[in-house]
*Asks:* 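My structure is below; once you've seen it, I'll send some questions.
Basis for what follows: all heavy atoms, side chains included, without hydrogens, waters or symmetry-related copies. We're numbering straight along the sequence, starting at 1. The structure displayed is predicted, hence computed values, not measured ones.
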Amino acid sequence: MKKKFKLLTIILAMSSFSSCTSLMALAGSEKADRELRGHTIEESKRYCAVSKVSTGECLEWRKRN
């Protein structure tokens, strides 16, 4: 009986650790997603003000109001 209880305790501990690790990974990915979304929104507010016609390279970026 003791061995079964010990085994169940270990299984419970492992599953709790796994769940906790999964939740931490999910929280980390949500934070990264928010940061990326914020960065994308900021980048979308910028436009190329001066570009080189021959290469299409942007020489000066400006931010929209």
Side-chain angles (χ1 to χ4, degrees):
M1 182 71 176
K2 257 188 166 181
K3 286 185 179 183
K4 285 184 180 180
F5 181 71
K6 189 174 183 178
L7 180 63
L8 288 174
T9 304
I10 291 172
I11 291 172
L12 179 63
M14 289 175 63
S15 66
S16 296
F17 177 75
S18 176
S19 297
C20 183
T21 305
S22 298
L23 287 174
M24 289 186 335
L26 180 62
S29 66
E30 286 176 356
K31 181 181 177 188
D33 186 46
R34 274 194 312 271
E35 290 175 2
L36 180 62
R37 194 175 305 129
H39 181 71
T40 303
I41 290 170
E42 283 301 311
E43 286 294 318
S44 69
K45 293 179 182 177
R46 297 177 62 197
Y47 67 96
C48 184
V50 180
S51 65
K52 194 182 268 188
V53 177
S54 59
T55 61
E57 177 186 7
C58 186
L59 302 174
E60 184 179 336
W61 289 93
R62 292 192 185 154
K63 192 171 183 177
R64 292 191 174 120
N65 294 331

*Asks:* Tell me every residue that passes side-chain hydrogen bond (donor to acceptor under 3.5 Å, both in side chains) with Glu60, counting only those two or more places apart in sequence or in another chain.
*Replies:* Arg62

*Asks:* List for me each residue that meets side-chain contact (heavy atoms from CB on, under 4.5 Å) alongside Glu42, sequence neighbours excluded, and say none if there are none.
*Replies:* Lys45, Lys63

*Asks:* Identify, with sequence neighbours excluded, every residue that meets side-chain contact (heavy atoms from CB on, under 4.5 Å) alongside Leu59.
*Replies:* Val50, Lys52, Glu57

*Asks:* Looking only at heavy atoms, which two atoms of Ala49 and Cys58 are closest? And how far apart?
*Replies:* N-SG, 4.5 Å

